[in-house]
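A quick note: this is a predicted structure, and the numbers were derived from the prediction, not measured.
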Amino acid sequence: MKKNSLWQKCKTGILLAILAVFVTVIKPPATAFAFNVIPIDMIEMYSTSATPVYATPDVYSPVVVYLDRFINVRVFGITDNGFFQVDLNGTYYIPGAYLVTQIEPAKTEKQKAIDNLNDLVEAYRMQLEFMESYSKNFALIDVTGDGIPEIFDEAGKEIYTYYEKRPVMMYYSENPVKFYYSKKENKLLGKYTWNKKDIWEVYSKDVSLLPWGQFKCVALATAPTENAPVISRDYTNNAETRGDLYNILKKILSL
């Protein structure tokens, strides 16, 4: 009888120990968000790309919405774990790293080229050295509208642009094409002869296949007006001109 009683006590002790371990294991973790908010005078800040908005100051809680870039946000508090308390038709929380005090728009391709003018010059100089054997002259005209001039070869067979610190081909033709550029409409017109007839076409930039784009014929055109002068090859492709390429490109980019 005593033996059974002792066994019962042992079983009870073991069960209580297992239960204690089980309760410890399934105990929910402490929440990560802080409840202490330091009020501040209302200030306006701006979202960065894909800014997450939380219902609580806790990165493990669900995201209510993602904000696009440069959305105006009113901030009226800071939590002790680094969240901004914001007013977005209700009180929500945004991690501090996702809000900025002023908008800094992304640089245009032209601004990037000006900042990296030495790289642009070196890339174009290298391409012109390759072209010297078959193109004694070249033109520099911005026909893509991004502010960076493209290289046109002498025969109108090849056009190069500046992309990620290197020259890349945007256009190639088996036959010479005389190009005209309408600055007013920012259109590139091409003229070639077929069956003793002059064919005029409109070319535009297409980035569907190549990241830097390519020139493709999009329509037939009529002869250009005085607003579409022929693109002249007004630079001689020699060592002297290539040596002065920095000043040439700097002048074009400053327009």
Side-chain angles (χ1 to χ4, degrees), residues 45-51 68-71 97-173 177 179-188 190 203-216 229 231-255:
M45 300 185 74
Y46 301 91
S47 59
T48 56
S49 298
T51 295
D68 291 332
R69 196 178 185 192
F70 300 151
I71 300 297
Y98 286 92
L99 292 180
V100 294
T101 56
Q102 61 183 9
I103 295 177
E104 296 181 2
K107 289 186 177 181
T108 64
E109 293 303 314
K110 182 177 180 178
Q111 290 170 330
K112 292 177 186 177
I114 292 174
D115 291 344
N116 300 286
L117 183 56
N118 286 327
D119 293 330
L120 170 62
V121 170
E122 200 56 42
Y124 273 16
R125 181 180 288 135
M126 177 182 67
Q127 183 58 42
L128 289 171
E129 287 175 354
F130 291 151
M131 291 169 55
E132 186 178 19
S133 61
Y134 62 88
S135 183
K136 298 300 181 182
N137 298 286
F138 67 95
L140 290 169
I141 302 289
D142 172 27
V143 294
T144 60
D146 62 0
I148 302 175
E150 283 73 44
I151 299 177
F152 285 72
D153 77 347
E154 187 173 41
K157 288 185 175 183
E158 300 176 13
I159 301 175
Y160 291 85
T161 191
Y162 178 68
Y163 182 77
E164 292 187 352
K165 299 185 179 182
R166 72 187 196 278
V168 294
M169 185 180 288
M170 294 188 69
Y171 173 84
Y172 175 76
S173 173
V177 176
F179 283 104
Y180 292 75
Y181 174 56
S182 174
K183 189 173 183 180
K184 181 179 180 181
E185 299 179 356
N186 192 28
K187 286 184 178 179
L188 186 67
Y203 290 78
S204 67
K205 186 178 177 183
D206 176 14
V207 295
S208 60
L209 297 177
L210 299 172
W212 55 82
Q214 58 184 334
F215 283 122
K216 295 182 69 176
I231 293 177
S232 60
R233 274 63 178 172
D234 52 0
Y235 295 102
T236 302
N237 190 4
N238 57 21
E240 183 180 358
T241 302
R242 294 193 297 270
D244 194 39
L245 201 55
Y246 183 94
N247 293 323
I248 292 172
L249 288 170
K250 183 177 181 181
K251 183 178 180 180
I252 292 174
L253 290 171
S254 65
L255 297 176

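Applying the salt bridge (charged side-chain N to carboxylate O under 4.0 Å, His left out) test to residues at least two apart or on different chains, the pairs with a partner in residues 110-129 are Lys107-Asp115, Glu109-Lys112, Asp119-Lys165, Glu122-Arg125. Pairs of residues two or more places apart, or lying in two chains, that qualify as side chain to side chain donor-acceptor pair (under 3.5 Å) and include a residue from residues 246-255 are Asp244-Asn247. Residues in residues 137-152 take part in no salt bridge (charged side-chain N to carboxylate O under 4.0 Å, His left out) pair, two or more places apart or across chains.
Applying the side chain to side chain contact (heavy atoms under 4.5 Å, CB included) rule to Phe138 yields the partners Leu128, Leu140, Ile151, Tyr235, Asn237, Thr241; only residues at least two apart in sequence or on another chain are considered. Every residue meeting the ring pair (Phe, Tyr, Trp, His ring centres under 6.0 Å) condition with Tyr171, not counting sequence neighbours, appears here in chain and number order: Phe179, Tyr203. Residues satisfying the side chain to side chain donor-acceptor pair (under 3.5 Å) criterion with Tyr180, sequence neighbours excluded, are absent altogether. For the side chain to side chain contact (heavy atoms under 4.5 Å, CB included) test, residues two or more places apart in sequence or in another chain that qualify with Thr48 are Thr51, Tyr98, Val100. Partners of Val168 under the side chain to side chain contact (heavy atoms under 4.5 Å, CB included) rule, at least two apart in sequence or in another chain, are Thr161, Tyr163, Arg166, Trp212. Remark: Arg242 pairs with Glu132 by the salt bridge (Lys or Arg N to Asp or Glu O under 4.0 Å) rule, at least two apart or across chains. Applying the side chain to side chain donor-acceptor pair (under 3.5 Å) rule to Gln127 yields the partners Tyr160; only residues at least two apart in sequence or on another chain are considered.
Summarising the geometry, atom CG belonging to Asn118 is positioned 11.0 Å from atom CG belonging to Leu249; distances are rounded to the nearest 0.5 Å. Rounded to the nearest 0.5 angstrom, Ile159 CD1 and Ser173 OG are separated by 9.5 Å. Note that CD of Glu154 is 11.0 Å distant from OH of Tyr134, once rounded to the nearest 0.5 Å.
Minimum heavy-atom separation, Pro167 to Ala123: CG-O, 3.5 Å. Closest non-hydrogen pair, Thr144 versus Met170, comes out as CG2-CE, 3.7 Å. Nearest heavy-atom pair, Leu253 versus Leu120, reported as atom, atom and distance to 0.1 Å: CD1-CD2, 3.8 Å. The two atoms that bring Ala139 and Asp234 nearest to each other are CA-OD1, 4.3 Å, heavy atoms only. Annotation for Arg233 and Ala155: closest pair NH2-C, 4.5 Å, computed over non-hydrogen atoms.
For Ser182 (side chain) and Lys187 (main-chain N/O), no donor-acceptor pair under 3.5 Å exists by modelled atom type.
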Quiz item: When you look at Phe152 and Leu188, which way does the side-chain contact (heavy atoms from CB on, under 4.5 Å) test go after all the steps?
Solution: CA-CA 12 Å; Phe152 285 72; Leu188 186 67; 4.2 Å; yes

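Within a 6.0 Å sphere centred on CZ of Phe130, heavy atoms belonging to other residues, nucleotides or ligands number 12 at most. The neighbour count for Lys205 NZ, taken as heavy atoms of other residues, nucleotides or ligands under 6.0 Å away, is above 12.
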